[in-house]
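Shown next, in structure tokens, is the structure this report addresses.
For this chain, numbers begin at 1 and follow the sequence in order.
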Amino acid sequence: GKLMDGSIQAYQQVGTEATIQIDGEEIDDPMELRNEVTAVSGSFDIGIIEKLDIFLYGYDDAPPLLGAKYQFIGKSRKEAKEGDHSLAASYGFGKVVTTATNSDFSLFEDGNDIEEVEVSHDVKDLALIYGYRTQDDILVYASIHATENKVQLDIKEADDEDLEDEDRNYYTMNYGAALGATRYFESGLKVSLELSAQSVDWTDTDEKQFAFLSLSIGSSWD
């Protein structure tokens, strides 16, 4: 957009959940992957210079994503009209370290003997986004992205001595694409609907593909 041009939005968080299996006294390395819809989350972005925005995405079960988006081609959100094209690239990163006790941690199946576990999760995301104004107030966009996830698991305490002090490292590079549309209103309100898909390939886990449908509602200012 432009200096201090920004937006805030709430969205339905849709993604893939990975669960680590505990088989008796051992960690069964392959993860169980499945689609999981969680609570509503939010994001914020603001313009730094005419073509550069910074953004912050908050997630319920994943690290927050802080990053920047640079628009190579196209006018600002307010100035774009029917027939205009845009092209932008974004890069974001995040990290979160979580300690859970009494096995109260969604990463594991119920019924294991873990008393305390520390999980460190790092994420990096690179995306390329193309947009086209089908009308003055409607933006249709398509994007491709690559997301790197690193998870380090460290079991601090467990009822079973064979589990205690166990650690694991998990890695995936996910590739995805999305197609969506945003409707802008004169009041500043905006509503987006997006269909996306991604390929997920965690360490020791068979590659799987997932599709998502997301909805967001937000407000923009210029």
Over all heavy atoms of both residues, which pair between Glu79 and Lys75 is shortest? Give the atoms and the distance, please. O-CD, 3.9 Å
Criterion side-chain contact (heavy atoms from CB on, under 4.5 Å) on Tyr170 and Thr205, from CA distance to verdict: CA-CA 10 Å; Tyr170 299 93; Thr205 302; over 6 Å; no
Which atom of Gly94 lies closest to which atom of Pro63, heavy atoms considered: C-CB, 3.9 Å
Rounded to the nearest 0.5 Å, what's the gap from OG on Ser43 to CD1 on Ile8? Could you check? 8.0 Å
How far does CG of Asp137 sit from OG1 of Thr182, to the nearest 0.5 angstrom? 11.0 Å
Can you tell me how far the OG1 atom of Thr203 sits from the OH atom of Tyr171, to the nearest 0.5 Å? 8.5 Å
Please tell me if the side chains of Val119 and Val96 come closer than 4.5 Å, counting only heavy atoms from C-beta onward. no
Cluster question for you: counting only ILVMFWY and a side-chain heavy-atom cut-off of under 4.5 Å, with indirect links fine, are Leu87 and Ile49 together? yes
Please determine whether side-chain contact (heavy atoms from CB on, under 4.5 Å) holds for the pair Asp122 and Phe93, giving the CA-CA distance in whole Å, both sets of side-chain angles, and the decisive distance to 0.1 Å. CA-CA 8 Å; Asp122 294 79; Phe93 62 93; over 6 Å; no
Using distance alone, with no hydrogens and no angle criterion, decide if Ser199 and Glu207 have a side-chain donor and acceptor under 3.5 Å apart. yes
Member of Glu118, Gln152, His121 meeting the side chain to side chain contact (heavy atoms under 4.5 Å, CB included) criterion with Val97: Glu118
Result of checking Lys190, Arg183, Arg77, Arg133 against Leu139 for side chain to side chain contact (heavy atoms under 4.5 Å, CB included): Arg133
Co-membership, hydrophobic cluster, residues Leu213 and Val191, 4.5 Å side-chain: yes
Single-linkage hydrophobic cluster Val140~Ile217, side-chain heavy atoms < 4.5 angstrom: no
Show your working on side-chain contact (heavy atoms from CB on, under 4.5 Å) between Gln198 and Thr16 and close with a plain yes or no. CA-CA 9 Å; Gln198 71 173 355; Thr16 302; 3.5 Å; yes
Show your reasoning for whether side-chain contact (heavy atoms from CB on, under 4.5 Å) applies to Ser120 and Lys95. CA-CA 7 Å; Ser120 175; Lys95 180 183 180 71; 3.0 Å; yes
Taking the side chain as every heavy atom from C-beta outward, state whether Tyr175 and Ile144 have any atom pair closer than 4.5 Å. no
With sequence neighbours excluded, tell me which residues meet ring pair (Phe, Tyr, Trp, His ring centres under 6.0 Å) with Phe55. Tyr57
Identify the heavy atoms of Lys69 and Ala88 that sit nearest to each other, and give their distance. CG-CB, 4.0 Å
Check for a donor-acceptor pair, side chain of Ser41 on one end and backbone N or O of Tyr11 on the other, with a separation under 3.5 Å. no
What pair of heavy atoms forms the shortest contact from Leu128 to Ala89, and how long is it? CD1-CB, 4.3 Å
Say you draw a straight line from CG of Leu179 to OH of Tyr141; how long is it, rounded to the nearest 0.5 Å? 8.0 Å
Between Lys78 and Asp5, does at least one N-O distance fall below 4.0 Å, as a salt bridge requires? no
Rounded distance [0.5 Å steps], OH in Tyr70 versus NZ in Lys51: 7.0 Å
Is the closest side-chain heavy-atom distance between Trp202 and Asp204 below 4.5 Å? no
Ignoring hydrogens, what is the shortest heavy-atom contact between Asp53 and Gly47? Give both atom names and the distance. OD1-CA, 3.2 Å
With a 4.5 Å cut-off on side-chain heavy-atom distances among I, L, V, M, F, W and Y, is there a chain of contacts connecting Phe44 to Leu215? no
Can you name the nearest heavy-atom pair linking Asn174 to Asp201, along with the distance? OD1-N, 3.7 Å
Quick one: does any side-chain atom of Ser192 pair with a main-chain N or O of Ser216 as donor and acceptor, under 3.5 Å? no
Should Tyr59 and Val40 be counted in the same cluster of Ile, Leu, Val, Met, Phe, Trp and Tyr side chains packed under 4.5 Å apart? no
Please confirm whether the backbone N or O of Lys81 pairs with a side-chain atom of Asp136, one donor and one acceptor, at under 3.5 Å? no
Distance check, rounded to the nearest 0.5 Å: Leu56 atom CG versus Leu65 atom CG? 8.0 Å
Does a donor on one side chain and an acceptor on the other come within less than 3.5 Å for His145 and Thr147? yes
